[in-house]
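Here's the structure we're looking at; comments come further down.
Letters A, B, ... are given to chains in the order of the sequence lines, protein chains preceding strands, and every chain is numbered from 1. For the numbers below, each heavy atom of this structure counts, side chains included, while hydrogens, waters and symmetry mates do not.
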Protein chains: 2
Amino acid sequence: MAKRSVSTRVRLSRETIVASAVALADAEGLEAVTIRRLAQEHGVTPMAMYWHFSDKDSLLDGLSDYLIASVAWPESSDAPWDEQLHGLLEAFLVALRPHPALAALALRRILVAEPGLRIAERVLDLLRQAGFATERAVEIGTFLLCSVITLVASDPTPAFPAGEDHAAMKRQKTAALGALPPETYPLVVAAAPALVNCRAQDGYFALNLDLLVQGVLGLSRG
Amino acid sequence: MAKRSVSTRVRLSRETIVASAVALADAEGLEAVTIRRLAQEHGVTPMAMYWHFSDKDSLLDGLSDYLIASVAWPESSDAPWDEQLHGLLEAFLVALRPHPALAALALRRILVAEPGLRIAERVLDLLRQAGFATERAVEIGTFLLCSVITLVASDPTPAFPAGEDHAAMKRQKTAALGALPPETYPLVVAAAPALVNCRAQDGYFALNLDLLVQGVLGLSRG
DNA sequence: ACCTGAACACCGTTCAAGT
DNA sequence: ACCTGAACACCGTTCAAGT
């Protein structure tokens, strides 16, 4: 169904290939993003891809660049550093959220091209303002960006087990947890539905973004 | 070189297969862990694996179980909840650290079998002691465990580009960052070596484990 | 109970060639 | 400049069969 008919065939380009790869990943997960599959979707030989990308790794780099470029830079403000840090991390999160299957790719190009470097520089700057020495700012900033990716990427089995199966699997996992002996695992049993579903909920993101910023606030400077 | 000679062939079992898979992942990364490769290492047909594991997914489940089982349960104490939480997360971290290529697998079995459920229950318990309602405790606890995994798994290109190549790549990345225009990216340029290397350093883990616990401390209850 | 052998439908990629 | 075709060395997996 996702196969593009020959009549609508457009000229291949890095952009059209990346766009279809993003759509594929959203629909069926990253492991469905295959040179051969993309070629087929464009009605073209697998080898045609190698004109536009030197290999699969550079296709993934392309996806990473696409993700990073979609980060909406927060409007400048004179708010305190922690609020600005929160805003920046949130902008990163918002860009990644529509593409949980791709989120893990974000890191590979953040220290390479323009928009990613700008984000990195800003994070370091804000952490310097917070009073951290450069080395510590680097360690914290690196972890913060990794953590935002984790926040988005950790939603299990994102979409690709066709919706129906996915919901069924969640119901089954909930039931399995609920059937555990309540005297050994009282909290797990009581929280079974939450344990299975929380990573898809909005509150999960807001709460843990907060946790990260609060964590930075709680760290000793030096 | 890693191929086991026929004379030393031992009987296959789930345990011996998992052990060799762990060794393979440590040495060459998770994508080297292949049914066919493992079979070859044991001097056996690929299909022999299917007697011990129903499919590759259940092999990965086996690796996940192995990881979780290696968590050393911290000795009981009457320390405040935040110290105990720190100790538990650290125990998880210490278990994962020797196997960065496998760390990402840890989550898939934590809510399934005994030792993982025990960890989950304890995390929820400590967060309840901290004053969080069950639903929030679930959201926080889930993220904390994900974050520890991230901390370990985020070390880029763990080992498998044969050591030499790996070091060379790091030097090259550092040089690339150092060559950026310092007027646009002053902090990135100044911190180039740290940006490339920090995720392999001990301080990175200690600092960010602290960040996580401080983050929980800083969150509002309710 | 434990393993083999042949086969199938997939991968990424190289190399030479077409237009 | 952009794409095809055949080939290679890999995957996971099924099915029938051996001991």
Separation of C/dC3 atom C1' from B/Leu38 atom CG, nearest Å, is 16 Å

P gap between D/dC2 and C/dA16, integer Å
22 Å

Specify the residue among A/Met47 and B/Thr34 whose closest nucleotide of DNA chain D lies further upstream toward the 5′ end.
A/Met47

Which residue, A/Ser13 or B/Lys56, contacts DNA chain D at a nucleotide closer to its 5' end, judged by nearest heavy atom?
A/Ser13

What's the verdict on salt bridge (Lys or Arg N to Asp or Glu O under 4.0 Å) for A/Arg108 and A/Asp57, showing C-alpha distance, side-chain angles and the deciding distance?
CA-CA 10 Å; A/Arg108 65 192 285 152; A/Asp57 233 56; 3.0 Å; yes

Whole angstroms only, please: what is the CD-P distance between A/Gln40 and D/dT4?
13 Å

Of the options C/dT4, C/dA7, D/dC3, whose atoms approach the side-chain atoms of A/Val44 most closely?
D/dC3

Out of D/dC11, D/dG5, C/dG12, whichever nucleotide has its closest atom nearest the side chain of A/Ile35
C/dG12

For D/dC3, take OP1 and OP2 only and decide whether either is under 4.0 Å from a side-chain N or O of A/Tyr50.
no

Measure across A/Asp55 and A/Tyr50 and return the closest heavy-atom pair with its distance rounded to 0.1 Å.
CA-CE2, 4.0 Å

Given atom CD1 of A/Ile17 and atom C1' of D/dC3, what is their separation to the nearest angstrom?
12 Å

Under 3.5 Å on both distances, the Watson-Crick or G-U partner of D/dC11:
none

Any donor and acceptor pair, going by atom type alone, linking the side chain of B/Ser13 with main-chain N or O of B/Thr16 inside 3.5 Å?
yes

Mind checking who D/dT4 pairs with, Watson-Crick or G-U wobble, both distances under 3.5 Å?
C/dA16

Could you tell me whether a side-chain N or O of A/Ser154 sits under 3.5 Å from a main-chain N or O of A/Thr150, the two making a donor and an acceptor?
yes

Under 4.0 Å between a side-chain N or O of A/His52 and OP1 or OP2 of D/dC3?
yes

